[in-house]
Amino acid sequence: MRLTNTLSGAIETFRPLEDGRIGIYVCGVTPYEESHFGHAQYAIIFDAFIRYLRWDGAPGGGSEVTYVSNYTDIDDKVIDRAAELGRDPLDLVNDQIALWEQQQRALNLQEPDVRPRVTEHIETIVEAIERIIEAGYGYATAAGDVYYRVRAMADYGKLSHRNIEELRAGTRGEPGEGKEFPLDFALWKAMKPGEPNWPSPWGAGRPGWHIECSAMSQRYLGPSFDIHGGGADLVFPHHENEVAQAEAVSGPGSFAQIWLHNGLVQRDGEKMSKSIGNVVTVREALETWRPDALRLFVLEGHYRRPNNLTDEAMAAAGRGLDRLLAAVRDEGAGAGPASSAGPAERARFVEALEDDFSTPRALAAVFDLARTINRERDAGTDVRPAQAVLRELTGVLGLTLDATDAGEDGLNAVALSKLAARHEVACGGSDAETTIEALLARRQQAREERDFALADAIRADLADAGIEVEDTPRGARWSAAR
RNA sequence: GGCCACGUAGCCAAGUGGUAAGGCAGGGGUCUGCAAAACCCUUAUCGUCGGUUCGAUUCCGACCGUGGCCUCCA
């Protein structure tokens with residue numbers, strides 16, 4: 001597999017440190033407020049990536065993947081937000097983590113194998129800081145802060161492709177109290193009154209932002225591991241500092257072998273930010289669009305490129321999803337010969353993903369397969385083998401192709417029973433599905449009597465109630481519109 | 001200001017030194033009582049200007065534009 005490595009800036013052939021086993025760490029969220037579309041995007045991308053690595057259809061038959069993704073559950077933002085809300089910081093993050101995990105399930109995101117939290121790894125972090133100090137790359141101040149000595153790291157800046165002079169020119173503001181050098185960053189922050197704190201050799205305090213990720217990734221994946229991922233906005237300073245911290249102790253080139261960064265989400269061509277007021281939360285996204293449509297939208301772009309979220313693009317993704325749903329519909333058992341479609345598309349799919357995880361190209365193969373299935377089905381071919389391949393490939397990308405995604409629980413039972421009454425249909429119970437079936441039976445009867453006015457009226461009424469009716473050779477099919 | 005990406009049809013988005021995947025939308029058909037879905041056909045000289053080359057959208061340069069980062073945003 002070839003992947004763009006931020007470290008080298010080039011596409012490299014990825015070889016795991018240990019054959020058949022892959023360790024990957026992805027920077028997770030800081031759960032101080034609701035997650036937004038960008039979080040869904042990074043999570044979807046890495047979810048699909050890991051599903052692919054594990055897939056037995058990947059070259060080599062799939063790998064055993066250890067996926068670690070953290071929660072930064074204590075930092076300035078958490079403390080500030082908790083103070084604003086007058087809440088305990090830990091309560092706040094617990095609530096936000098619970099919400100995010102619920103949303104992750106809604107988005108069909110696989111759970112990471114390990115979800116380390118900073119507050120549960122203070123000892124690991126303190127030990128990591130001690131080793132950095134021992135190696136000569138860290139120093140404590142009289143105030144009880146500990147800083148990383150950036151100038152001690154010869155190749156500082158190698159990940160983000162900058163040098164210390166450049167960075168120094170860009171620094172704004174004051175050097176900071178007790179720092180030897182303006183670019184030095186905090187490994188440990190001395191406690192301030194009222195803030196959560198833990199004991200350490202340098203006095204009570206809490207970890208700096210970057211140390212947690214290098215300490216926890218190495219804790220679970222070893223000093224050297226395969227892949228470290230995250231949003232492109234984390235390259236500097238976060239990931240740069242992680243590299244500096246880790247390699248100060250474990251040596252140059254020892255940390256993550258490949259750095260993968262996903263492009264950021266824009267909203268209508270603009271940066272999504274609170275100051276612009278155009279942030280789309282995951283909650284809003286899930287209320288507006290189907291999970292599979294969201295995933296399709298994300299994966300229709302290449303992971304490294306910025307992705308522009310627009311209503312139009314989302315609508316297009318939704319229609320594309322409908323197309324895939326139509327192809328896997330349970331009407332594939334034609335009387336004719338079995339379809340031979342699938343293997344060629346599968347090969348294209350693999351080829352695309354092997355080439356820097358090109359999900360757009362992989363999806364093109366999937367859509368081509370969908371077209372072939374539809375065409376062959378129309379011709380009476382038994383397309384079930386091809387449908388199985390389509391389901392397999394989309395499953396690798398994490399699409400569920402679950403038609404009930406549209407939310408039948410959202411059906412308006414009251415409106416439906418009124419309809420049933422208007423068309424003089426006995427609907428039995430209040431069950432929405434039963435009512436719809438009864439209405440469709442009434443409509444079918446009308447059609448057989450050539451009473452198309454009534455048939456069309458029923459269809460129109462159902463459409464008003466959010467039910468779309470389509471006639472097929474095998475009877476009417478309905479679905480909840482969205 | 002510095003560093004780094006990117007700029008492909010109405011929209012989204014792949015890709016290649018030899019005249020450009022896929023999705024959505026549009027137009028024309030087939031099918032259908034009608035519709036929907038599906039299927040078939042159809043819609044681009046790849047930001048601008050130079051250069052290298054037999055030939056560039058693909059390589060190089062400049063310019064314009066968009067985006068990211070420049071100490072705590074996935």
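Lettering follows sequence order; numbering is per chain, from 1. Not measured: the values here are computed from a predicted model.
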- Query: Nearest to the side chain of A:Ala455 - B:rC39, B:rG68, B:rG33?
  - Reply: B:rG33
- Note on the structure: To the nearest angstrom, the CG-C1' distance between A:Leu462 and B:rA35 comes to 14 Å
- Query: Could you walk me through whether A:Asp184 and A:Arg149 pass the salt bridge (charged side-chain N to carboxylate O under 4.0 Å, His left out) check?
  - Reply: CA-CA 5 Å; A:Asp184 289 354; A:Arg149 186 175 281 127; 5.9 Å; no
- Which one is paired to B:rC31, where only Watson-Crick or G-U wobble pairs with both distances under 3.5 angstrom count? none
- Query: Reckon A:Val366 touches a base, only the sugar-phosphate, or nothing at all at heavy-atom distances under 4.0 Å?
  - Reply: nothing
- Query: Is the distance from OP1 or OP2 of B:rA5 to the nearest side-chain N or O of A:Arg304 less than 4.0 Å?
  - Reply: no
- A:Asn307 (side chain) and B:rC12 (base): donor-acceptor pair under 3.5 Å: no
- Task: Look at the side chain of A:Phe236 and decide which nucleotide, out of B:rC34, B:rC70, B:rA74, has an atom nearest to it.
- Result: B:rC70
- Message: What is the separation between atom CD1 on A:Ile125 and atom C1' on B:rC72, rounded to the nearest whole Å?
- Response: 15 Å
- Give A:Gly38 one of three labels, base, sugar-phosphate or nothing, depending on what nucleic acid heavy atoms sit under 4.0 Å from its own. base
- Message: Is there a salt bridge (charged side-chain N to carboxylate O under 4.0 Å, His left out) between A:Arg295 and A:Asp47? Walk through the geometry before answering.
- Response: CA-CA 10 Å; A:Arg295 187 175 282 255; A:Asp47 179 73; 2.9 Å; yes
- Message: Please report the distance separating the P of B:rG65 from the corresponding atom of B:rU71, rounded so that it comes out in whole Å.
- Response: 25 Å
- Under 4.0 Å between a side-chain N/O of A:Lys271 and OP1 or OP2 of B:rA74, yes or no? no
- Which of these nucleotides, B:rC24, B:rG33, B:rG67, is closest to any side-chain atom of A:Ala316? B:rC24
- From the candidates B:rG22, B:rC6, B:rG33, the one with an atom nearest any side-chain atom of A:Ala364 is B:rG22
- Message: Under 4.0 Å, counting only non-hydrogen atoms across every strand here, what does A:Arg443 touch: a base, just sugar-phosphate, or nothing?
- Response: base
- Message: I'd like to know if A:Arg447 pairs up with A:Asp456 as an ion pair, taking the criterion as any Lys NZ or Arg NE/NH1/NH2 lying under 4.0 Å from an Asp or Glu carboxylate oxygen.
- Response: no
- Message: I need the CG-C1' distance between A:Asp355 and B:rG15, as an integer number of Å.
- Response: 10 Å
- Between B:rU16 and B:rC70, how far is it from one P atom to the other, in whole Å? 31 Å
- Can you check whether any acceptor in the base of B:rC4 is under 3.5 Å from a donor in the side chain of A:Arg162, or vice versa? no
- Message: Under 4.0 Å, heavy atoms only, any strand: does A:Glu300 hit a base, just the sugar-phosphate, or nothing?
- Response: sugar-phosphate
- Item | Nearest-nucleotide pick for A:Arg375, side chain only, options being B:rG23, B:rC39, B:rC34 | B:rC39
- Note on the structure: Closest to the 5' end of RNA chain B, once A:Gly9 and A:Gly208 are matched to their nearest nucleotides, is A:Gly9
- Classify the nucleic acid contact of A:Asn374 as base, sugar-phosphate or nothing, counting any heavy atom under 4.0 Å across all strands shown. sugar-phosphate
- Message: Which nucleotide, if any, forms a Watson-Crick or G-U wobble pair with B:rU66, using both distances under 3.5 Å?
- Response: B:rA5
- Under 4.0 Å between a side-chain N/O of A:Arg319 and OP1 or OP2 of B:rG23, yes or no? no
- Item | Euclidean distance, atom CG of residue A:Asp356 to atom C1' of B:rA14 [Å, nearest integer] | 13 Å
- May I ask you to verify whether the side chain of A:His36 and the base of B:rA74 hold a donor-acceptor pair under 3.5 Å? yes
- Query: Taking CG from A:Asp322 and P from B:rC39, how many angstroms apart are they, rounded to a whole number?
  - Reply: 13 Å
- Item | Nearest-Å distance once atom P is located in both B:rC54 and B:rG2 | 37 Å
- Query: Closest approach of A:Asn70 and A:Glu212, non-hydrogen atoms and distance?
  - Reply: ND2-OE2, 3.5 Å
- Quote, to the nearest angstrom, the P distance that separates B:rG27 from B:rU66. 34 Å
- Message: Using a heavy-atom cut-off of 4.0 Å across all strands, would you classify A:Gly229 as base, sugar-phosphate, or nothing?
- Response: nothing
- Is there a donor and acceptor pair, one atom on the side chain of A:Arg447 and one on the base of B:rG33, closer than 3.5 Å? yes
- Query: Are any of A:Arg371's side-chain N or O atoms less than 4.0 Å away from OP1 or OP2 of B:rC40?
  - Reply: yes
- Message: Just the rounded figure in Å: distance from P of B:rC72 to CG of A:Asp145.
- Response: 16 Å
- Is there a stack between A:Tyr42 and B:rA74, judged by ring centres under 5.5 Å and planes under 30°? no
- Query: What is the nucleic acid contact for A:Val265, judged by heavy atoms within less than 4.0 Å: base, sugar-phosphate only, or nothing?
  - Reply: base
- Task: Any strand is fair game: report the nucleotide pairing with B:rG26 by Watson-Crick or G-U wobble, both distances under 3.5 Å, or none.
- Result: B:rU42
- Query: Considering only B:rA74, B:rG68, B:rG23, which nucleotide approaches the side chain of A:Arg323 most closely?
  - Reply: B:rG23
- pair_partner(B:rG61), Watson-Crick or wobble, both distances < 3.5 Å, evaluates to B:rC49
- Looking only at B:rG33, B:rA38, B:rA74, the nucleotide nearest the A:Asp378 side chain is B:rA38
- Task: Please state whether the base of B:rA35 and the side chain of A:Arg459 form at least one donor-acceptor pair under 3.5 Å?
- Result: yes
- Item | A:Asp382 vs A:Arg377, salt bridge (charged side-chain N to carboxylate O under 4.0 Å, His left out): CA-CA, chis, key distance, verdict | CA-CA 7 Å; A:Asp382 178 359; A:Arg377 176 169 47 200; over 6 Å; no
- Query: Picking from A:Glu240, A:Glu242, A:His238, what satisfies side chain to side chain donor-acceptor pair (under 3.5 Å) with A:His210?
  - Reply: A:His238
- Taking the C1' atom of each, how far is B:rU45 from B:rA56, in whole Å? 12 Å
- Query: Which comes earlier along RNA chain B counting from the 5' end, the contact point of A:Ala232 or that of A:Asn308, where each point is its nearest nucleotide?
  - Reply: A:Asn308
- Note on the structure: Side-chain contact check for A:Leu264: nearest option of B:rA38, B:rG68, B:rC70 is B:rG68
- Looking across every strand, which nucleic acid part, if any, lies under 4.0 Å from A:Asn163 by heavy atom: base, sugar-phosphate, or nothing? nothing
- A:Arg361 side chain, from C-beta outward: closest of B:rA14, B:rC72, B:rC70: B:rA14
- Item | Sole candidate of A:Gln245, A:His228, A:His239 that passes side chain to side chain donor-acceptor pair (under 3.5 Å) when paired with A:Ser214 | A:Gln245
- Whole-Å distance, A:Ile45 CD1 to B:rA74 C1', equals 9 Å
- Task: Give the rounded distance in Å between these two atoms: CD of A:Glu345 and C1' of B:rG23.
- Result: 16 Å
- Go through A:Leu363 and A:Leu296 one step at a time and tell me if the side-chain contact (heavy atoms from CB on, under 4.5 Å) criterion holds. CA-CA 9 Å; A:Leu363 281 167; A:Leu296 201 52; 3.8 Å; yes
- Query: Are any of the side-chain nitrogens in A:Arg105 or A:Glu101 under 4.0 Å away from the carboxylate oxygens of its partner?
  - Reply: no
